[in-house]
Amino acid sequence: MRRCCALAAAALAAALAGCAGTPLAAGDAAAPVAAATPAAPTSSAARRADGPTPGALILSRDGQRQPELVPAPPLEGEPATVSDATHADAAAADNDLWVRVRGGFTMAELDDDYVRKWEQWYATRPDYVQRMAERGGRYLFHVIEEVERRGLPTELALLPFIESAFNPQALSSARAAGMWQFMPMTGRDFELKQNLFRDDRRDVLASTRAALDYLQRLYGQFGDWHLALAAYNWGQGNVQRAIARNLKAGKPTDYASLKMPAETRNYVPKLQAVKNLVLRPEAYSITLPALQNHPFFLSVPIERDIDVALAARLAGLSLEEFQALNPQMNKPVILAAATPRVLLPYDNANHFVERLKEHRGPLATWTAWVAPRTLKPAEAARQVGMPEAQLREVNRIPPRMLVKVGSTLLVLRAAHATENVKEHVAENAMMVLAPEARPLRKLTLKAGRGDTVATVARRYKVSAAQVAQWNDVGPRASFKPGQKIVVMVASGPAKAKRPAAKTASAKVKAKAPAAKTRTAASKAKASTSSNAKKPR
């Protein structure tokens, strides 16, 4: 059986090596920010002395290099001994990912009423904790690998439980996205690409790299993990100002002593509560799902543009399962130039590689098209040969909007087209829309006494330069009474002020009889009132 596993894994390694894409530049995996950090916990290699299943493939730490084959042990060994049984027990513990997470806890403990509140909150929601932990099981091994590689406290691996319940597709009302909840600007600061086709704030590998880079930078600034976490939630400038206020007032500057918003005040206690639940789940009547101490997914190279739905089908996954590991895709196509790899569960990686080699027919039905000039959606649809309604729907173009020049649209790929979308298009794809201008009609009128270019411009709410251009005069020119003036106005009934003034005058005259009626009614009322006061 072991020999079969080794042979199968070797076949998968060979297949993946044969379809490998262009390696990413070394700079794509950001180096840790230089900062004073706690001592590194026991290395992951030492923790996994017996490692994953013999002969299995494991994902490289950065998820970017080729998977490596874990050598299988000899097929025959010496008879088991008591000592072997002891080692087996230790190996069993090392195979539990939760044991590995607990072993690297090094942050200072926080123990206050806020922690008690959140412990109670989680303890009374065991189903929620179970779902959150099961979802996080897809990603936790990769996160803990990265945390340990940098020598950071493993409490940081639990932070996505607080940020997003480990949901990489989470989107907050403030537009923070991904399991690490990056705001758009902060994401760009940490090289998380956000364009028409992908949002790396949701990318499992890229967002984890960026989040740990950010946290290391914050720790280097504040020298305290609680303050670094507060800054991650509230912003480093806000934390720095809160510290400055306390220093000026002669107060302590630790996390608990700073004045901060309620969300930030609860942030570290929530993490401490989750840490306590992971340390002693039985104390809170919580059962954590079993998580094995080996990778959940493999990184598989993508060399050709391919539809998301087809990639999922070739991998033997539902669309939902595929997107859980590859949530950064904004469109129904994966562009090889921008997304050189996808993540797939162990059992599906080999399936995908084999089915991809056997596939006949187009891989992608969608492609990118750059507007050569500003166009109406109907004209853009005509140029790319697809129905306007479909173009609007797939690109989310609202009514009465123009597609600006240089915008990138998702369009149907021609049947004979096989080339990948160019890298500069895939990396910089953006769509800019502008409202359609209302059609203008020519209005000719006679100038009144005292009319000038400026007064006509104000009357019709256009610029003086436009009036001057339409009438071939200077911007400060005056018109003679009765002179013809040309004005271009938006389609619809013209709203000239002079007729409106006459209408207003007519309304005043029309109101006069009503005024007389009210006067007569007042006299009658007064007479009635006077008669009522007389004695009978």
Side-chain angles (χ1 to χ4, degrees), residues 37-44 46-49 89-166 179-180 208 211-212 215 219 224-230 232-233 254-256 265-294 296:
T37 54
T42 308
S43 70
S44 58
R47 289 182 183 281
R48 294 176 289 121
D89 290 340
D94 282 343
N95 285 333
D96 185 341
L97 187 57
W98 294 117
V99 172
R100 183 178 176 189
V101 171
R102 294 177 192 121
F105 288 162
T106 57
M107 281 189 193
E109 295 292 317
L110 191 65
D111 187 10
D112 57 23
D113 290 341
Y114 290 100
V115 176
R116 303 284 83 76
K117 178 184 74 171
W118 287 107
E119 286 175 340
Q120 179 68 14
W121 192 93
Y122 286 115
T124 55
R125 292 165 175 80
D127 293 343
Y128 172 77
V129 173
Q130 179 79 10
R131 289 193 305 273
M132 180 171 66
E134 286 177 351
R135 186 190 302 123
R138 296 186 181 101
Y139 320 107
L140 190 57
F141 178 88
H142 173 72
V143 176
I144 201 69
E145 283 275 294
E146 285 298 295
V147 166
E148 288 185 347
R149 182 174 68 85
R150 296 165 182 248
L152 303 176
T154 55
E155 286 95 334
L156 297 180
L158 304 178
L159 197 58
F161 284 123
I162 308 306
E163 287 287 348
S164 63
F166 253 116
M179 67 185 189
W180 295 95
T208 299
L212 297 181
L215 286 163
Y219 182 81
D224 177 276
W225 278 115
H226 291 170
L227 294 178
L229 288 166
Y232 188 87
N233 175 259
D254 59 295
Y255 173 85
R265 172 62 63 211
N266 283 274
Y267 190 68
V268 177
K270 285 173 74 173
L271 181 62
Q272 179 71 54
V274 169
K275 172 183 175 179
N276 293 346
L277 262 66
V278 170
L279 273 172
R280 300 179 301 280
E282 67 285 350
Y284 303 94
S285 301
I286 294 289
T287 302
L288 296 175
L291 297 181
Q292 297 300 309
N293 188 22
H294 60 69
F296 181 88

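Around the OH atom of Tyr114, the shell of radius 6.0 Å holds no more than 12 heavy atoms that belong to other residues, nucleotides or ligands.
Ring orientation note: the planes of Phe161 and Trp98 are close to parallel, at an angle under 30° on the 30°/60° scale. The aromatic rings of Tyr128 and Tyr122 lie parallel to each other, with less than 30° between the two planes, well short of the 60° mark.
Atoms CG and CG, from Leu97 and Leu140 in turn, are 4.5 Å apart once rounded to the nearest 0.5 Å. From Glu282, atom CD reaches atom OG1 of Thr287 across 9.5 Å, with rounding to the nearest 0.5 Å. Residue Thr154 holds its OG1 atom at 8.0 Å from NZ of Lys275, rounded to the nearest 0.5 Å. Residue Trp118 holds its CH2 atom at 12.5 Å from CG of Leu277, rounded to the nearest 0.5 Å. For the atom pair OH of Tyr267 and CD1 of Ile162, the computed distance is 7.5 Å after rounding to the nearest 0.5 Å.
Side chains of Pro160 and Trp180 form a contact here, defined as non-hydrogen atoms less than 4.5 Å apart. For the pair Trp225 and Thr106, the minimum side-chain heavy-atom distance is 4.5 Å or more. Side-chain contact between Phe141 and Leu291 is absent, with no heavy-atom pair separated by less than 4.5 Å. Side-chain atoms of Leu159 and Leu215, non-hydrogen and from C-beta on, do get closer than 4.5 Å to each other. The side-chain heavy atoms of Val143 and Leu158, taken from C-beta on, include no pair separated by under 4.5 Å.
Using a distance-only test at 3.5 Å, with no hydrogens or angles considered, no donor-acceptor pair links the side chain of Gln272 to the main chain of Val115. When atom types are taken as modelled, the side chain of His226 and the backbone of Ala256 share no donor-acceptor pair closer than 3.5 angstrom.
We find that Arg100 and Glu145 are joined by a salt bridge, their nearest charged nitrogen and carboxylate oxygen being less than 4.0 Å apart. Remark: Glu119 engages Arg116 in a salt bridge, criterion side-chain N to carboxylate O under 4.0 Å.
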